Amino acid sequence: MKKLTLSLSFALLAIASFAQSPYKNASLSDEARIADLLSRMTVEEKVGQLNQVNGGVLTGPSVANDPGAQGKIQLLKDGMVGSFLNVVGTEQTLATQKIAVEQTRLGIPLLFAFDVIHGYKTVFPIPLAEAASWDLAAAEKSASIAAKEASSAGLHWTFAPMMDMSREPRWGRVMEGSGEDPYLQGKFAAARVKGFQGNFDENHVLATIKHFAAYGAVEAGREYNTVDVSRYALWNYYLPSYKAAVDAGAATVMNSFNFVDGVPASGNDYLVNKVLRDKWGFDGMVVSDWASFGEMMNHGYSKDAEQAAIQAIMAGSDMDMEAGVTRTTLVKSVKDGVVPMAVLDEAVSRVLALKFKLGLFDNPYKYHDAAREKATLMADAHLAEARKAAGNTMTLLKNSDGVLPLNSPKNILVLGHLAESQDDVLDFWKGQGEHKYTVTILEGIKAKYPKANVTFIRSVSREGDFDASSVKEMKKAAKKADVIIATIGLFGDLAGEARSLSDVSPSDGQMEMLANAKATGKPVVVLVQAGRPMIMTDVVKDFNTVLYTWIGGTQHGHGVVDVLSGDVNPSAKTVMSFPVAMGQIPVYYNHYNGSRPHVDGNEGPEHFWVSRYRDIPNEPLYPFGYGLSYSSYEYSGLKISKSSINQNESVTVSVNIKNTSGVDGTEIVQLYIRDLVSQPVRPVKELKDFARVEIAAGKSKTVTFELPATKLSFFDQDGNVLLQKGAFKVFVGTNSRDVLAGDLELR
Ligand code: NOJ
């Protein structure tokens, strides 16, 4: 009897596994499983996979056809949702995933996505600041910690890294990118992609290349505004960073809101099908930006929702985030034969491929472990990394009296709302970061100098208004102070999406506070907190100690004070030029020479008919790549190993750098080129390499770069690589302005 039962159960098992649908069979290839699943799906279910629905906080405008919370659950049960955004935490994501897996006909798991831009719960410095560290390993590390935290909280996918090259401090989103240089932008994009994605296990998240393409060129820095760039600019300035991220293996791409050549990016066949997929070989999934499929109607490109959905999918875009145009119209367009089934199948396959890649069909709940979430979020090791990262991003603009580092001050007067307000440290893209866990500058000072007498006077409000009644108190407190630390800038929530500003100068009130601080006669350290370069001209005219702190994340205050105290020797260098005045924007180092170039300082009648302002210089206040340290460096002996090379050769470029100070430091050494005569013309400088080099006090180092001829190439307006013979300049220096120069010929 026993034997019979056993063999019966074996038989049942065999029938069960035989009956198991191939798409559930982990031993088959992903391709075979996708093909099987597609063969079982209705058109409705296929379209459902292309539908991404917001399930939490709004990170865009609410849409007209929003089905509401209950409606969304019903859509999910009907197999009409492929992914949620903004549903976070193991509890919520698990409950939602269970509905998808256990209550839909085919049990297809969901993808959970969220904007994890610079940390999930442990917030790291904003990406623009992180880029100022020029530390790719640190960027990869911060992305991997962000991924670890996010994935422990049920998330599969982040909408990052943003890699929109931009020259626009008016644009609130420059904080999300890596500045004005395409090469550096690409390097950071690739590092972050690696950090986020790792090996696609449950400690990582899928990355998103965004916003494809050229969103950083929004006119006048106004959010959602027109982008109108030439194909030549597109290929040479804007596309390289996205390409670098494709090469780094990013799983998804997000369309941008803008149009390119008059065609909205979401429905732009040239961008998505031709460039991204055909030319670059990207085989991942393309998601819209928030409602961007539907917004093609606002552009005046689509007459209705139906046409918008058709234009998007035919251009190669796959998933509709929040517009609902795909969900409500595509079934009909496919059934009518307007959109071929093969096109739909391809788009759906790309969504399913991600779900198989993450192993969700075999273990749909592996990202939803509450104990893991608890142990991971804001782990001590993460906080320690965030603090280190913050210190590495602080950019010293001026220290001409040597006030910094502070020598164990006993009495410190701290001024300005931003020094004290936890609520104003974090920016809009803070993930799940909480203000209450954020270290302010005041807290950082007190922690670093526990024995010092620290007085805080707000003096200027969050909005930057001066409180004249604070002057008396300030004068009194200043009498016994060794140093005044005055904070100015923009409160955190002014950094991020939909936060464009027409003026990025410090407020009059902040300047008044500074003037009063100066009048006390005590040394003043000016700290600037902002997610973008501000107009610092008046500040640096009157003050000799200025540290740009950016927005340092959860450990902001510790990071700032680590630098003030000298525990961290600053090394960061800005990756956006600091304009002299608002009217100088856009100002950037890699500009063209133009027909009548002007060199600042050249006056007289022979310099009249030239490209210049009559009231301000052409050069920015601080150029790209600029930042000071407590060490000082001397560059000498630039050597280029050969004076001429052919297209298959390389040269080595070396330079000696001496740390002439008594402090060990890290110098960021930058290599630029200029193609002197070229058709089409090239910019006056282009970054081609860089190195972070530690140099001990009083010591010298020789830094050597390999410069292959291929780095002298550029693109024509169709994206073909051009490598033209002729004369080049090679520059090495401490920033994009102060360089040693040599010559190189390409034969
Ligand atoms: C709109 C933003 O442009 C995009 O970057 C973001 O990922 C989505 N909203 C989702 O929040």
Side-chain angles (χ1 to χ4, degrees), residues 51-63 66 81-88 111-120 126-128 143 146-147 150 155-166 168 171-178 185 189 192-193 196 205-218 221-227 241-242 245 250-260 264-266 285-296 298-299 317-324 427-433 493 495-500 531:
N51 189 28
Q52 187 180 56
V53 173
N54 181 45
V57 54
L58 283 180
T59 48
S62 44
V63 283
D66 190 286
V81 182
S83 170
F84 272 98
L85 77 152
N86 297 342
V87 178
V88 298
L111 283 176
F112 292 106
F114 187 55
D115 291 287
V116 183
I117 306 295
H118 55 114
Y120 178 73
I126 55 168
L128 185 66
L155 294 164
H156 305 123
W157 180 15
T158 176
F159 297 131
M162 186 272 230
M163 56 200 72
D164 299 328
M165 195 217 81
S166 186
E168 257 304 346
W171 191 40
R173 302 196 75 168
V174 289
M175 60 144 293
E176 286 178 64
S178 304
Q185 188 82 244
R192 290 180 180 130
V193 166
F196 282 132
V205 290
L206 304 171
T208 306
I209 297 171
K210 76 182 189 186
H211 305 86
F212 193 66
Y215 191 39
V218 277
R222 207 181 73 216
E223 190 77 274
Y224 317 122
N225 201 9
T226 301
V227 165
S241 53
Y242 309 111
T252 76
V253 170
M254 183 185 287
N255 305 121
S256 54
F257 290 121
N258 56 282
F259 69 59
V260 169
S266 300
M285 192 254 280
V286 176
V287 63
S288 77
D289 201 345
W290 182 288
S292 69
F293 285 2
E295 288 172 8
M296 289 198 284
N298 296 346
H299 275 289
S317 302
D318 302 316
M319 187 176 271
D320 175 350
M321 179 201 294
E322 270 297 282
D427 59 290
F428 171 64
W429 291 123
K430 61 185 178 298
Q432 287 293 293
D493 195 50
E497 184 178 351
R499 280 140 174 95
S500 293

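For the single chain, residues carry numbers from 1 onward in sequence order. Here the structure is a predicted model, which means the values were calculated and not measured. First listed ligand is number 1; within each ligand, the first listed atom is number 1.
- Side-chain atoms of Ser256 and Asn258 form a donor-acceptor pair, as typed in the model, at a separation below 3.5 Å.
- Near ligand 1, heavy-atom contacts under 4.0 Å come from Thr59, Leu85, Asp115, Phe159, Arg173, Lys210, His211, Met254, Phe257, Asp289, Trp290, Met321, Glu497.
- Between the side chain of Asp318 and the backbone N or O of Met285, no donor-acceptor pair lies under 3.5 Å.
- Looking at heavy atoms from C-beta onward, Phe257 lies out of side-chain contact with Val218 at the 4.5 angstrom threshold.
- Atom NE2 of His299 is separated from atom CZ of Phe259 by 7.5 Å, given to the nearest 0.5 angstrom.
- Here Tyr215 and Trp171 bring their ring centres to under 6.0 angstrom of each other.
- Under a 3.5 Å cut-off, the side chain of Gln432 and the backbone N or O of Tyr120 do not form any donor-acceptor pair.
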